[in-house]
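In listed order, ligands and their atoms are each counted from 1. If you read the sequence from its start, that first residue is 1, and numbering goes on from there. Keep in mind the model is a prediction, meaning the values are calculated, not measured.
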Amino acid sequence: MWETWFGIEMRYYSANDYYKDRFGCKMYKAAISLPVTCPNRDGSKGVGGCAFCSGEGSGEFASLCNISVVNQIDLAIDKLKTKTDEGTGFIAYFQSFTNTYCEVGFLEDAISQAVNHPRVRAISIATRPDCISDKMIKMLSRINKICPIFVELGLQTSNDEIAYRFNRCFFTQEYDDTIIQLKEEGINVITHVIFGLEGDTIEGMLDTVNHVVECKSDGIKFTCLFVLKGTRYEELYNEGKLSVLEMQEYFDIVDKALELLPKDMVVHRLTGDGPKSSLIAPMWTWNKRNVVNYINKRFK
Ligand code: SF4
């Protein structure tokens, strides 16, 4: 499928086009941090977190969690003011750590504050599939009827053995069960996958994409593996036991993955950019302009 992205014909259904189709305007994300942690860090499922995750809970770009939700949204909107205008919509993005790893009432209150913000048109919640109780899903379903909710599930790989190596601490079956429940409630699901995990193969990465397709995820986010300071992957990388994907190698896999997606699956991200302050490798992800140029040339 060929769609437009910044006026360029693209080979996939991009988030930009999807948002325009659904909301009639360009949408930006306003990142929000809540004072929550992760079961993979506090000992209830694991300790030390996933091998690639820094202590910031993958939310380095989020504002500080001791500021109110409304103020965090205002700050994010203010930061984006040169790129946006009155017609731009915002998605309140609960980004860091595991945002459903808390009392239902606590998250409901935080989401309600975001829903009532005049510029917010949708809510996005990053979490793990093993941390969404039935009660949590019912609450999200209620709010979804007033304001669209996207739930972003960090699967990373469908291979439990690869997942064990990076200490994911949940089974792929839990993802399979949760996505069914969320979709039964009409909640839009975006699945995160990582290419380049320790021990994974190209075949394995594409198996993961096929798995996400079979589970009927509404959207997908691709990223290459980042090695960040202070993570277990940093140790492996320094010991020469972990290598990272070069840019062309990574996008060769993305290219193959795009071929596997149904036309209506939204690609929310082709790759991410690691936090500059803690990125060790791969350094090509640092040069965002170069990456965007490469994507435009290759995928248009
Ligand atoms: S589940 Fe998420 S927040 Fe928790 S350790 Fe893994 S990547 Fe980090």
Distance under 4.0 Å to a non-hydrogen atom of R128: what atoms of ligand 1 satisfy this? 1 (S)

Number the atoms of ligand 1 from 1 as they appear, then name those within less than 4.0 Å of a heavy atom of G49, with their elements. 5 (S)

Please report the C-alpha distance between F226 and Y233 in whole Å, then the side-chain angles of each, then the deciding distance to 0.1 Å, and finally whether the side chain to side chain contact (heavy atoms under 4.5 Å, CB included) criterion is met. CA-CA 9 Å; F226 299 123; Y233 269 173; over 6 Å; no

N/O/S atom of C53 under 2.8 Å from atom 8 (Fe) of ligand 1, yes or no? yes

Look at R128 together with E174 and state whether they make a salt bridge at an N to O cut-off of under 4.0 Å. no

Do S217 side-chain atoms and V189 backbone N/O form a donor-acceptor pair below 3.5 Å? yes

From the options R232, K241, R165, R168, select the one residue that forms a salt bridge (Lys or Arg N to Asp or Glu O under 4.0 Å) with E198. R165

Within the stated cut-off of 2.8 Å, is an N/O/S atom of C50 closer than that to atom 6 (Fe) of ligand 1? yes

